[in-house]
Every structure is written in C-alpha cells, then in structure tokens.
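So the structure is just underneath, and the comments pick up after that.
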Amino acid sequence: MNQSRQTPEDHIYQQLRTAIVEHRIRPATRLPEDALSSAFGVSRTGIRKVLQRLALERLVTLRRGRGAEVSEPTVKQAQDVFAARTLVECHILDNVIDNAADTDLGALKAIIAKEHAAQDRGDYSEAIKYSGEFHVQLVRIAGNDLITSYVEQLTSLSSLIIAVYGSPAGASCDCGGHAELLKLIAGGDKAKAQTWMSEHLKAIESSLTFEPHSGEPPDFMTLFGPPPSGQSQQA
C-alpha cells in the first residue's frame, strides 16, 4: 500500500496487524477501545472500524459485552489451518513453476536471506514474519489474487497458532528448506516440490504443543503511543 495515501485508519490497522502477527500482542489479549484510542490519538469510532476489519481476517474476535480481543485459535482451528495450507500451497505449485521467472526467484532468495539473518540474530518473531512473506510471495507467482489473499490470511493465522501452541524458535520455518524448495522450482520438478511443501507444513505443525501459553498484557501506549518528549519519531 502506498504510504502517502494511507488513511489514519489504514495506519492503525497495519500497526495492530503487525503487532499481532509478530507476537507483540498475545492471543486472548483484550483490545480496549479507550486504551487504543489514547495510544493512537484517534476516536474510539476509528478504533472500532479497525477492529472490525481485523475481525474479518479472524485475527481479532469481537465478543458482545466484552469488546475485542486477539483471537486464540482452538486446536481444531489450528489443525484446520494447516490442512487448508497443505491443500492450497501444494496444488498451486504447478502454476507457480509454470509462471516463475528469474525475477520471481530472485525476490524469493532475498526473503530467504532476511529470514536467515533474523534467525541468526535470534529474532524468531521476525523470522516467522519473513517465513510467512516467503509463502505468500511464492503463491503470488501463480497469478491468482484470490488464492494469494487466502494464503496471506492463513499465514497470519499460522502466526497466531504458533504464538499459542509453540515457541517461535521451534516452529519457524527452516531457511535451508526454503532454499531447497527454490531449487526444485527452478528445476521444474513439480512432484518433488509438492512433496517438499507437504512435508514442510507437517513438520511445522508437528513442532507445536497443543497447550496454550499465557502472557502479560501489553502496554498499548508503549507499543503505539508517541515517543517521549524530545525523542525523534524516526529510528
């Protein structure tokens, strides 16, 4: 999205969505409209619209009388997400291989490099983000915008599932594996690429322990509020 054309609500949506996907706001955390309104300096009406938008993606759950909270997938939902990913991501690889150009492979290599660097420095939440980006970019090569959007939603839900049922270090994708898949795609080996993807997603699911983990609620002002007086907003 063009940053210059972002509305305040678009900006808040991106900030909240990123915080959820990167595990900075844990599943089952309440998202009070008043606290978020103060942190972002906007009306509660604007916050409510953003939360409704996130609820459509299933990243947020809206509960009558209790407000909004970060979604906490059940074991069944977690299993369904990985089953859906396996079904879609394996079968679309034929189209990916048919359409893949050198520029597409180069873009995927760049994502793998970022993922690898994040893992090397122990930033597993960042590694998971780039892992999801790799899978979405891979599917995008097939040229079906609807399926790409669906896989983007599934990878976001996968991040929530990892936050609930596994450690980021244990459940993040293996960088070497992604490079291996890239070789199969470049070589046009559709059967082996599909097998690789199926085993890859099964390995991630198998690394999860289906027992929820608790965490302290975040300070929304620290996460999203303006920097202290005298401190630059730019890093």
Side-chain angles (χ1 to χ4, degrees), residues 1-74 77-78 80-81 114 118 123-133 136 145 148-168 171-172 212-235:
M1 182 179 295
N2 190 327
Q3 295 286 352
S4 64
R5 296 183 182 178
Q6 273 195 337
T7 66
E9 288 174 10
D10 289 332
H11 173 72
I12 295 168
Y13 161 80
Q14 291 290 349
Q15 291 287 305
L16 276 174
R17 189 181 189 282
T18 299
I20 291 170
V21 170
E22 293 183 359
H23 302 173
R24 288 186 282 125
I25 307 178
R26 301 284 297 178
T29 298
R30 289 190 64 248
L31 301 169
E33 292 177 7
D34 54 351
L36 291 170
S37 175
S38 297
F40 285 108
V42 298
S43 69
R44 292 181 62 173
T45 300
I47 294 296
R48 192 172 300 122
K49 290 179 180 179
V50 170
L51 294 175
Q52 289 169 346
R53 186 173 170 183
L54 290 166
L56 289 175
E57 297 184 22
R58 301 187 181 183
L59 293 177
V60 164
T61 300
L62 303 177
R63 302 189 185 279
R64 182 173 299 179
R66 294 180 56 188
E69 62 183 41
V70 178
S71 297
E72 185 173 23
T74 65
Q77 289 169 338
D80 287 348
V81 164
K114 292 178 182 178
D123 191 343
Y124 298 112
S125 292
E126 188 80 355
I128 289 172
K129 181 185 79 171
Y130 286 123
S131 171
E133 187 177 323
V136 173
D145 292 340
T148 300
S149 178
Y150 182 48
V151 170
E152 187 171 16
Q153 181 181 354
L154 288 174
T155 56
S156 295
L157 289 173
S158 296
S159 181
L160 274 182
I161 291 163
I162 291 169
V164 177
Y165 297 112
S167 70
S172 58
H213 303 283
S214 60
E216 292 296 320
D219 181 335
F220 293 112
M221 187 61 73
T222 299
L223 272 177
F224 305 118
S229 179
Q231 180 177 328
S232 170
Q233 296 217 18
Q234 296 183 349

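Please read all numbers here as calculations on a predicted model, not as lab measurements. Any value given below was found using the heavy atoms of this structure, including those in side chains, with hydrogens, waters and symmetry copies removed.
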- [ ] Evaluate side chain to side chain contact (heavy atoms under 4.5 Å, CB included) for V60 paired with I20, printing each intermediate quantity in order.
- [x] CA-CA 9 Å; V60 164; I20 291 170; 4.0 Å; yes
Open item on the list: If the condition is ring-ring contact (aromatic ring centres under 6.0 Å, His included), which residues does Y13 pass it with, not counting sequence neighbours?
Closed with: none
Measuring from [X]:[atom1] to [Y]:[atom2], what's the distance to the nearest 0.5 Å?
X	Y	atom1	atom2	result
K49	I12	NZ	CD1	11.0 Å
R30	R63	CZ	CZ	11.5 Å
R48	L36	CZ	CG	12.0 Å
S158	I128	OG	CD1	10.0 Å
E69	L62	CD	CG	9.5 Å
Q15	I25	CD	CD1	10.0 Å

Open item on the list: Which heavy atom of P27 sits nearest to which heavy atom of V70, and what is that distance?
Closed with: CA-CG1, 3.7 Å
TODO: Check whether any side-chain N or O of T155 sits under 3.5 Å from a backbone N or O of E152 as a donor-acceptor pair, and report yes or no.
DONE: yes
Task: Check: T18 side chain, Q14 main-chain N or O, donor-acceptor pair, under 3.5 Å - done: yes
- [ ] Assess whether atom CZ of R17 is packed by more than 12 heavy atoms of other residues, nucleotides or ligands within 6.0 Å.
- [x] yes
Task: E133: salt bridge (charged side-chain N to carboxylate O under 4.0 Å, His left out) partners, not counting sequence neighbours - done: none
Task: Pairing residues for D80 by the salt bridge (charged side-chain N to carboxylate O under 4.0 Å, His left out) criterion, not counting sequence neighbours - done: K76
Open item on the list: For T7 and D10, which I'm curious about, is there any donor-acceptor pair between the side chains at under 3.5 Å?
Closed with: yes
